[in-house]
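Here is the naming used below: chain letters follow the sequence lines, and residue numbers restart at 1 for every chain. As the structure is a computational prediction, the values presented were derived from the model and not from experiment.
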Amino acid sequence: MRYWLLKSEPDVFGYPDLERAGREPWNGVRNYQARNFLREMAEDDLCLFYHSNAKPPGVAGVARVVRAAHTDNLQFEASSPYFDPKSTPEAPRWSMVEVAPVQALPRVVTLDELRALPEWAGSPLTGKGSRLSVLPVTAEQWHSALLASGLAPEDAEHHLLTAGL
DNA sequence: GCCAACGTTGGC
DNA sequence: GCCAACGTTGGC
């Protein structure tokens, strides 16, 4: 059981959109490092849903991986912005997972707040100029972020989160 | 294999 | 809207 962070622009697809959708393919990732992390994800791994390009940017919710990595077919669709002419069905280059909502955080934990937490020092998220959109989160980072959101400590425990699904 | 040009991300 | 940081592309 691992923890991750997924970035999404709320103007395009925010945490409330995930709640409405119920389930969403995390497609369109076209960065090799991010793709490799997607491929490491397992079903029931938990994700911090991060709002990028937001005011303020920060973690808005918790999501769960409901399907492990498989082919992102948008890479084959010429009309898609995520089309990759160099990829072939025989050797697909890009993968996606599917995620489902777990719960909205009582309060958005902003990037500034995360930067102030010692657990987040050295994370690709808080580093200057990092653009990585899928990244691993340590258990310490996970708990510190959820506690900062105002979740009761017992609710910040992942097994209670998953039990409440 | 180098690296300049270019496109994108995402905080500010 | 700006622009720094970063990844990718492609000429050589």
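- Within the 4.0 Å cut-off from OP1 or OP2 of dT9(B), not a single side-chain nitrogen or oxygen of Y50(A) is found.
- Distance CG (L5(A)) to C1' (dG10(B)): 14 Å, rounded to an integer number of Å.
- Going from atom CH2 of W94(A) over to atom C1' of dG7(C) covers 10 Å, rounded to whole Å.
- Separating the CD atom of Q33(A) from the C1' atom of dG7(C) is a distance of 10 Å, rounded to the nearest angstrom.
- Ring geometry for Y32(A) against W94(A) counts as tilted: the plane angle lies between 30° and 60°, on a 0 to 90° scale.
- Of the candidates V99(A), V102(A), V137(A), L46(A) forms a side-chain contact (heavy atoms from CB on, under 4.5 Å) with just one, namely V102(A).
- Ring geometry, W26(A) versus F49(A): the interplanar angle exceeds 60°, so the pair is classed perpendicular (tilted spans 30 to 60°).
- Distances from the side chain of K128(A) to the nucleotides dC12(B), dA4(C), dG10(B) place dA4(C) closest.
- Side-chain contact check for D45(A) versus M1(A): some heavy-atom pair is nearer than 4.5 Å.
- Listed candidates were dG11(B), dT8(C), dT9(C). Nearest to the side chain of K86(A) is dT9(C).
- Take the nearest nucleotide of DNA chain C for R30(A) and for N53(A): the residue whose nucleotide is more 5' is N53(A).
- You'll find that the side chain of S133(A) is closest to dG10(B), out of dG10(B), dG11(B), dC12(B).
- R115(A) comes within contact range of the sugar-phosphate backbone alone, with a heavy-atom separation under 4.0 Å but no base atom that close.
- Per the geometry, NZ belonging to K55(A) stands 11 Å off P belonging to dG1(C), to the nearest Å.
- As rounded to whole Å, 11 Å separates atom P of dG11(B) from atom CG of L114(A).
- The CD-P distance, from E9(A) to dT9(B), rounds to 7 Å in whole Å.
- Atom-to-atom, CG of D11(A) to P of dG1(C) comes out at 14 Å; the value is rounded to the nearest Å.
- Comparing dG7(C), dG11(B), dG10(C) by their closest approach to the side chain of N31(A) singles out dG7(C).
- With D72(A) as reference, R30(A) is the one residue of R30(A), R67(A), R93(A), R39(A) to meet the salt bridge (charged side-chain N to carboxylate O under 4.0 Å, His left out) rule.
- Here K7(A) lies in heavy-atom contact (under 4.0 Å) with sugar-phosphate atoms only.
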